[in-house]
Amino acid sequence: MVEHDKVLRHGLQHAARGRARSSEPTPEPEEGSMLVSPAFWLGGLLSILIWVSLAAFFGFL
């Protein structure tokens, strides 16, 4: 936890630029992996079916 009186006395200090960055490149996230996932498609289909059934129940269809 931050000691508030210490922060007020010294102010906020940022890390040195050389120390904050790593020399190793960060791996790129996989693009499009969510669209390939079956859970994404099953969840979307289930959501659409729930909305259609609610619309039919309340007489909008």
Side-chain angles (χ1 to χ4, degrees):
M1 195 111 166
V2 176
E3 296 178 19
H4 299 290
D5 57 340
K6 183 178 178 181
V7 172
L8 292 176
R9 274 188 273 130
H10 299 289
L12 297 176
Q13 298 175 356
H14 297 286
R17 288 185 185 244
R19 294 181 189 172
R21 296 185 183 192
S22 173
S23 60
E24 299 176 14
T26 58
E28 294 294 323
E30 295 182 25
E31 293 183 19
S33 63
M34 181 185 248
L35 293 176
V36 179
S37 172
F40 173 76
W41 292 105
L42 291 174
L45 181 63
L46 182 63
S47 176
I48 291 172
L49 287 175
I50 289 172
W51 280 107
V52 168
S53 64
L54 284 172
F57 179 77
F58 288 114
F60 290 111
L61 291 179

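What you see is a predicted model; the values in this text were computed from it and never measured. Scope of the values below: all heavy atoms of this structure, side chains included, with no hydrogens, waters or symmetry mates.
Ser47 places no side-chain N or O within 3.5 Å of a backbone atom of Gly43 that could act as its donor or acceptor partner.
Both Phe60 and Phe57 are members of a single hydrophobic cluster when ILVMFWY side chains are connected at heavy-atom separations under 4.5 Å. A single hydrophobic cluster is seen to contain both Ile50 and Phe58, as judged by linkage of ILVMFWY side chains at heavy-atom distances under 4.5 Å, directly or through other members.
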